[in-house]
Participant: 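Okay, here's the structure, questions in a sec.
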Amino acid sequence: MPELPEVETTLRGIEPYLLEQKITRIVVREKRLRWPVSSELLSLTNQTVSALNRRAKYLLLSLGRQQTEHIIIHLGMSGSLRIVDNNSELKKHDHIDFHLSCNKIMRYHDPRRFGAVLWTDKAISDHILINALGPEPLSNAFHGAHLFKASRKRKVAVKNFIMDGHIVVGVGNIYASEALFLSGIRPGKAAGRVTAKQYEDLAAAIKKVLGQAIKQGGTTLRDFVNSDGQPGYFQQTLNVYGRTDEPCRVCQSAIKCKVIGQRSTFYCTRCQQ
DNA sequence: ATCGCCTCCTGCGCGC
DNA sequence: TGCGCGCAGGAGGCGA
């Protein structure tokens, strides 16, 4: 379940192998991802990767000197990218190979096929999936006042609110529960009823959990190539996620699980009001 | 505009 | 041991 930290870790892991390298050939074994893999992508050959970036959970590979073409990759629920040797044995769900001029392959693997590999020749910032996104959670553009302002009169649960990519990107189900615990806010509370002070705390908590997870992901980068190992962010101590009926680490009362917005949500009934 | 529900898909854990 | 079932989850899409 790649959350933002794993996407960032993936970017750092693949960058040394892709930057200023050519994609010599793309082999697609399974086109049926979230959206069908386009024929334009199929026909890409001998394009130099001139930049790699991340926006939200999208990985962006820019091609050519002018960067007029881009490959957009989303890992969905179960996607991963690995750098493998070109004689590496194929595993089930290895859907796309990007052959590189360094003689290695960047291999896209995705059992559930919720992910996407897209091609565009428009400016990335104009792309329909990108152009309406909220700020990056670790950037200066993201802060409590932003959340407070955007949430006035909103009735949606604050947990759904912070998971909405138009408000802030990259807050997945695990870290939404964790950040709300750290800031002492009930996940089901209407976003418009959360105070400015609470949003200050919440923004800080989001930065903290995501920043910490990225840092831990970075420590396992050495295992990235040719490895199926779990990313390091799983080592992060979870305070509430998946801890139904276990004692709160602060007050010992039982952690509760409730479905909010079709998603399991975990919180402490005493610490979060 | 906003909200909430539905959908895509496979692997896994559970009960029997 | 094996089967069938239900659930998990990112996020776009859609109907109300």
Side-chain angles (χ1 to χ4, degrees), chain A residues 1-11 28-38 54-60 72-81 90-96 108-118 120 126-137 147-180 187-194 206 209-210 213 228-231 233-234 238 240-245 255 257-266:
Chain A
M1 51 194 86
E3 297 236 10
L4 190 79
E6 188 177 353
V7 180
E8 180 68 23
T9 300
T10 297
L11 173 69
V28 179
R29 287 178 215 88
E30 175 58 85
K31 290 187 185 185
R32 296 173 302 165
L33 303 185
R34 168 130 204 202
W35 295 283
V37 176
S38 75
R54 178 188 61 73
R55 179 73 175 100
K57 292 177 186 170
Y58 296 100
L59 290 164
L60 311 170
I72 303 173
I73 301 174
H74 197 292
L75 301 176
M77 263 302 301
S78 56
S80 64
L81 289 169
L90 276 176
K91 297 200 177 87
K92 198 177 177 184
H93 308 303
D94 283 343
H95 301 318
I96 303 180
Y108 178 81
H109 173 90
D110 188 2
R112 294 182 199 176
R113 294 194 269 122
F114 279 16
V117 178
L118 303 168
T120 181
D126 291 340
H127 195 276
I128 183 92
L129 294 175
I130 310 278
N131 63 13
L133 291 174
E136 289 288 326
L147 290 177
F148 182 73
K149 193 178 170 198
S151 62
R152 292 310 86 189
K153 297 185 180 168
R154 293 288 302 268
K155 293 187 172 69
V156 68
V158 62
K159 189 211 177 204
N160 296 354
F161 180 70
I162 59 171
M163 288 179 69
D164 179 347
H166 302 105
I167 302 303
V168 55
V169 302
V171 182
N173 198 43
I174 297 174
Y175 293 120
S177 280
E178 292 299 315
L180 286 162
K189 189 167 182 167
R193 297 178 59 92
V194 175
I206 288 169
V209 291
L210 291 176
D228 288 327
Q230 292 292 345
Y233 73 89
F234 267 116
L238 299 175
V240 287
Y241 187 85
R243 296 192 66 239
T244 309
D245 293 336
I255 298 300
C257 177
K258 185 179 176 183
V259 174
I260 296 176
Q262 279 58 54
R263 293 287 174 266
S264 295
T265 306
F266 302 86

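Naming: A, B, ... by sequence-line order, numbering from 1 per chain. Just so you know, these numbers use all the heavy atoms, side chains as well, and skip hydrogens, waters and symmetry mates.
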Participant: To the closest 0.5 Å, what do you measure between CG (A/Leu118) and CG (A/Leu60)?
Facilitator: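 Reported value, rounded in 0.5 Å steps: 10.5 Å.
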Participant: What dot-bracket string describes DNA chain C from 5' to 3', counting Watson-Crick and G-U wobble pairs whose defining distances are under 3.5 Å, with [ ] for crossing pairs and | for pairs to another strand?
Facilitator: .|||||||||||||||
Participant: Quick check on A/Lys189: does its NZ atom have over 12 non-hydrogen neighbours (other residues, nucleotides or ligands) under 6.0 Å away?
Facilitator: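 Correct, the count exceeds 12.
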Participant: Within the structure shown, what part of the strands sits under 4.0 Å from A/Arg154 by heavy-atom distance: base, sugar-phosphate, or nothing?
Facilitator: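 Sugar-phosphate only.
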Participant: Using a heavy-atom distance cut-off of less than 4.0 Å, which residues of residues 109-117 of chain A contact DNA chain B?
Facilitator: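 Output list: A/Pro111, A/Arg112, A/Arg113, A/Phe114.
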Participant: Can you measure A/Ile174 atom CD1 to C/dA8 atom C1' for me and round it to whole angstrom units?
Facilitator: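 In whole Å, C/dA8 C1' lies 11 Å from A/Ile174 CD1.
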Participant: Could you state the atom-to-atom distance from CD of A/Gln262 to P of C/dA11 in whole Å?
Facilitator: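 Taking CD of A/Gln262 and P of C/dA11, I get 16 Å after rounding.
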Participant: If only atom types and distance count, is the side chain of A/Glu178 paired as donor or acceptor with the main-chain N or O of A/Val209 below 3.5 Å?
Facilitator: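 Looks like no, no N/O pair under 3.5 Å.
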Participant: Tell me: CD1 of A/Ile72 to C1' of C/dG12, nearest whole Å?
Facilitator: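 Taking atom C1' of C/dG12 as the reference, CD1 of A/Ile72 is at 14 Å.
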Participant: Within the structure provided, determine whether A/Leu75 and A/Lys57 are in side-chain contact (heavy-atom separation under 4.5 Å).
Facilitator: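 Heavy-atom side-chain distance check fails, nothing below 4.5 Å.
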Participant: Closer to the 5' end of DNA chain B via nearest nucleotide, is it A/Lys155 or A/Lys92?
Facilitator: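 Checking each residue's closest nucleotide, the 5'-ward one belongs to A/Lys155.
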Participant: Check A/Ala116 against A/Trp35 and note the closest heavy-atom contact, atom names and distance.
Facilitator: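 Result for this residue pair: CB-CE3, 3.7 Å.
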Participant: What contact category does A/Leu129 fall into here, base, sugar-phosphate, or nothing, at under 4.0 angstrom with non-hydrogen atoms?
Facilitator: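 Sugar-phosphate, no base atom in range.
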Participant: Contact class for A/Tyr58 vs. all strands (heavy atom < 4.0 Å): base, sugar-phosphate, or nothing?
Facilitator: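 The residue A/Tyr58 makes sugar-phosphate contact but no base contact.
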Participant: Minimum heavy-atom separation for A/Pro111 to A/Ser78, with atom names?
Facilitator: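 Minimum heavy-atom separation between A/Pro111 and A/Ser78: CD-O, 3.3 Å.
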Participant: Whole angstrom is fine here: how far is it from CG in A/Asn173 over to P in C/dA11?
Facilitator: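 Checked: the CG to P distance equals 11 Å.
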Participant: For A/Met163 and C/dG12, what is the distance between atoms CE and P respectively, to the nearest whole Å?
Facilitator: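 Computing the A/Met163:CE to C/dG12:P distance gives 12 Å.
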Participant: A/Ile162 CD1 to C/dG10 P: how many Å, rounded?
Facilitator: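 My rounded result for the distance is 13 Å.
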Participant: Counting only heavy atoms from other residues, nucleotides and ligands, does the tally under 6.0 Å from CZ of A/Arg29 exceed 12?
Facilitator: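 Yes, CZ of A/Arg29 has more than 12 neighbouring heavy atoms, counting only those of other groups under 6.0 Å.
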Participant: Ignoring hydrogens and geometry, is there a side-chain-to-backbone donor-acceptor pair from A/Glu136 to A/Ala56 under 3.5 Å?
Facilitator: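 Flag set: sc A/Glu136 to bb A/Ala56 pair under 3.5 Å.
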Participant: In whole angstrom, what separates A/Ile128's CD1 from C/dG13's C1'?
Facilitator: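 Checked: the CD1 to C1' distance equals 11 Å.
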Participant: Looking at every non-hydrogen atom in both residues, tell me the closest pair between A/Pro135 and A/Ile167 and how far apart they are.
Facilitator: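 Closest approach of A/Pro135 to A/Ile167, heavy atoms only: CD-O, 3.2 Å.
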Participant: Nearest whole angstrom, please: distance from the P of C/dG12 to the CD1 of A/Ile167.
Facilitator: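 Taking CD1 of A/Ile167 and P of C/dG12, I get 13 Å after rounding.
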Participant: I need the A/Leu180 CG to A/Phe266 CZ distance, nearest 0.5 Å.
Facilitator: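 The CZ atom of A/Phe266 is 13.5 Å from CG of A/Leu180, to the nearest 0.5 Å.
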Participant: Can you label the angle between the A/Tyr108 ring and the A/His95 ring as parallel, tilted or perpendicular, going by 30° and 60°?
Facilitator: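 A/Tyr108 vs A/His95 ring planes: tilted.
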Participant: Go through DNA chain B in 5' to 3' direction and return only the first and the last nucleotide with some atom under 4.0 Å of chain A's heavy atoms.
Facilitator: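 Contact span on the strand: B/dT2 to B/dG11.
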Participant: Counting heavy atoms from C-beta on, name the nucleotide in C/dA8, C/dG10, C/dG13 closest to the side chain of A/Met77.
Facilitator: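 Closest of the options to the side chain of A/Met77: C/dG10.
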Participant: Answer yes or no: is there a donor N or O on one side and an acceptor on the other, between the side chain of A/Arg152 and the main chain of A/Gly192, under 3.5 Å?
Facilitator: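 Yes, A/Arg152 side chain to A/Gly192 backbone: donor-acceptor pair under 3.5 Å.
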